[in-house]
Amino acid sequence: MAWTDRYLRADADGAGNGTTNANSGVNGAWTWAQVLSTAAAGQRVNALKGSYSLGNGNDTPTNAGTAIAPIWLRGFDTTIDQNDDE
């Protein structure tokens, strides 16, 4: 399947739409709260290594993936795809 990539950073400012790995700006990475409320079926969320805080104890995603279009969360240290073969 063709994924729609989104990005997650611990230092994101919360103003971005998740389309880049930048920590700020309109196209900046998502916060953990934004991932929970916004990630949708067919999206691959690339999470930059960092310290993430859980929310207020209700860290249940708003949306769900499907069998053919899951929501995929994968981590990376510095480079996207670096862990794909592991």
Side-chain angles (χ1 to χ4, degrees):
M1 86 166 276
W3 295 99
T4 300
D5 282 305
R6 293 292 183 259
Y7 299 87
L8 166 64
R9 291 179 63 122
D11 63 350
D13 70 2
N17 62 10
T19 58
T20 70
N21 188 33
N23 68 340
S24 62
V26 69
N27 295 322
W30 282 336
T31 64
W32 181 240
Q34 286 174 296
V35 168
L36 291 173
S37 66
T38 310
Q43 290 183 332
R44 178 171 54 188
V45 179
N46 300 289
L48 178 63
K49 180 180 179 179
S51 294
Y52 293 88
S53 297
L54 297 178
N56 59 7
N58 183 15
D59 290 307
T60 304
T62 300
N63 301 313
T66 67
I68 59 172
I71 298 171
W72 181 17
L73 182 66
R74 67 176 180 169
F76 69 100
D77 290 330
T78 55
T79 307
I80 302 295
D81 299 334
Q82 74 187 62
N83 298 326
D84 283 359
D85 294 334
E86 296 177 8

To the nearest 0.5 angstrom, please state how far the CD1 atom of I71 sits from the OG1 atom of T66.
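Rounded to the nearest 0.5 Å, the CD1-OG1 separation comes to 9.0 Å.
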What distance do N46 atom CG and W3 atom CH2 have between them, rounded to the nearest 0.5 Å?
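One gets 10.5 Å once the value is rounded to the nearest 0.5 Å.
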When you measure from the side chain of W72 to the backbone N and O of V45, does any donor-acceptor pair fall under 3.5 Å?
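Not confirmed, W72 side chain does not pair with V45 backbone.
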Are any side-chain N or O atoms of R9 and backbone N or O atoms of A22, one a donor and one an acceptor, separated by less than 3.5 Å?
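Not confirmed, R9 side chain does not pair with A22 backbone.
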My understanding is that only one of N27, V26, D5 makes a side chain to side chain contact (heavy atoms under 4.5 Å, CB included) with T20; could you say which?
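The option that passes is N27.
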Could you pull out the closest heavy-atom pair between [X] and [Y], with the gap in Å?
| X | Y | answer |
| --- | --- | --- |
| S51 | A10 | O-CB, 3.4 Å |
| T62 | S37 | OG1-CA, 3.4 Å |
| A64 | A41 | O-CB, 3.9 Å |
| W30 | A12 | O-CB, 3.5 Å |

With the side chain counted from C-beta on, respond yes when F76 and L48 share a heavy-atom pair under 4.5 Å apart, and no when they do not.
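Yes - at least one pair of side-chain heavy atoms lies under 4.5 Å apart.
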Close side-chain approach of W32 and L8, heavy atoms under 4.5 Å
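Yes, side chains in contact.
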Take T19 and R6, measure what side-chain contact (heavy atoms from CB on, under 4.5 Å) needs, and give me the verdict at the end.
CA-CA 5 Å; T19 58; R6 293 292 183 259; 3.5 Å; yes
